[in-house]
Amino acid sequence: MFPYIYTKAANYLEIGPVLYSESDAFKQPKSQDPQILEELKKGCLQIIEGKGFSKDAPIEKISVAASYALMEMFHFRFVSRKSSYFVFIAEQKGVIDHMNFEHLMQRQLVTWHFFTPQTT
């Protein structure tokens with residue numbers, strides 16, 4: 001589903017959240033929170049870089065709430081999550097969440113990887 005997700009991320013970056021929502025079948029993103037919208041932008045930029053599809057290159061620097069909103073924006077629903085603790089990325093200790101989502105229409109499963117740094 002990489003081409004589908006990549007295209008949706010690129011479209012979001014090109015037209016922004018308002019036009020994206022107006023043209024989206026499910027009117028996503030639902031959130032109007034400026035912080036979430038900024039994190040969705042960060043997530044889309046990382047998808048364009050090829051991040052999120054592998055545990056070795058997870059999406060970084062977005063909140064757990066934004067990670068769910070990012071997948072909802074692409075018409076996926078949450079299925080399950082497994083976490084890997086004590087992971088280091090660029091000398092930053094944290095957790096990688098391996099999250100399974102199912103596409104609402106096509107029913108295909110995808111696994112996304114999100115890194116959350118440990119706060120002290």
Side-chain angles (χ1 to χ4, degrees):
M1 296 217 59
F2 177 77
Y4 167 80
I5 294 166
Y6 181 94
T7 300
K8 302 257 315 160
N11 189 40
Y12 181 84
L13 293 171
E14 183 177 329
I15 66 175
V18 174
L19 290 176
Y20 187 95
S21 179
E22 288 174 359
S23 65
D24 185 71
F26 295 100
K27 303 299 180 201
Q28 291 287 348
K30 298 269 187 214
S31 177
Q32 298 302 310
D33 180 333
Q35 178 66 35
I36 294 291
L37 295 176
E38 182 60 31
E39 291 183 66
L40 290 177
K41 180 179 175 182
K42 287 180 188 178
C44 286
L45 286 167
Q46 292 180 70
I47 288 168
I48 298 300
E49 296 172 358
K51 292 187 175 184
F53 302 102
S54 162
K55 64 181 173 129
D56 297 323
I59 291 176
E60 304 177 52
K61 301 177 183 163
I62 69 171
S63 65
V64 173
S67 65
Y68 285 103
L70 182 65
M71 294 310 299
E72 287 173 2
M73 187 170 80
F74 300 140
H75 309 152
F76 286 87
R77 71 170 184 85
F78 174 75
V79 174
S80 64
R81 179 176 83 190
K82 180 181 174 189
S83 300
S84 297
Y85 298 92
F86 309 111
V87 175
F88 285 86
I89 293 183
E91 299 182 21
Q92 175 67 53
K93 182 179 174 183
V95 175
I96 294 181
D97 288 319
H98 314 280
M99 300 169 70
N100 296 309
F101 294 88
E102 179 182 49
H103 192 267
L104 294 174
M105 304 303 288
Q106 298 176 358
R107 301 290 186 226
Q108 285 186 288
L109 289 173
V110 296
T111 302
W112 283 79
H113 308 274
F114 296 92
F115 177 74
T116 304
Q118 177 181 355
T119 57
T120 53

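Taking both residues in full, the closest heavy atoms of Phe101 and Trp112 are given as CD1-CD1, 4.0 Å, listed atom of the first, atom of the second, then distance. Residues Ser63 and Ile36 approach most closely at OG-CD1, 4.3 Å, considering heavy atoms.
Rounding to the nearest 0.5 Å places CD1 of Ile15 at 9.0 Å from CG of Asp24. The line from NE2 of His98 to NZ of Lys82 is 6.5 Å long, rounded to the nearest 0.5 Å.
Checked by atom type and distance alone, the side chain of Tyr4 pairs as donor or acceptor with a backbone atom of Phe74 at under 3.5 Å.
No side-chain heavy atom of Phe78 sits under 4.5 Å from any side-chain heavy atom of Met71. The side-chain heavy atoms of Lys8 and Ile47, taken from C-beta on, include no pair separated by under 4.5 Å. Counting heavy atoms from C-beta outward, Glu60 and Gln92 have side chains that stay 4.5 Å or more apart. Using a 4.5 Å heavy-atom threshold, the side chains of Leu37 and Pro29 count as touching. With a 4.5 Å cut-off on side-chain heavy atoms, Gln28 and Glu72 count as touching. By the 4.5 Å heavy-atom criterion applied to side chains, Cys44 and Leu70 are counted as neighbours.
No more than 12 heavy atoms of other residues, nucleotides or ligands lie within 6.0 Å of NZ in Lys55, so this atom counts as exposed by the packing criterion.
The hydrophobic cluster containing Val95, built from Ile/Leu/Val/Met/Phe/Trp/Tyr side-chain heavy atoms closer than 4.5 Å, also comprises Tyr85, Phe86. When hydrophobic side chains of Ile, Leu, Val, Met, Phe, Trp and Tyr are connected at separations under 4.5 Å, Ile96 ends up clustered with Val87, Ile89, Phe115.
Shown here are the side chain to side chain contact (heavy atoms under 4.5 Å, CB included) partners of Tyr6, two or more places apart in sequence or in another chain: Phe2, Ile48.
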| Does the side chain to side chain contact (heavy atoms under 4.5 Å, CB included) test come out yes or no for Tyr68 and Arg81, once each step is laid out? | CA-CA 11 Å; Tyr68 285 103; Arg81 179 176 83 190; 3.7 Å; yes
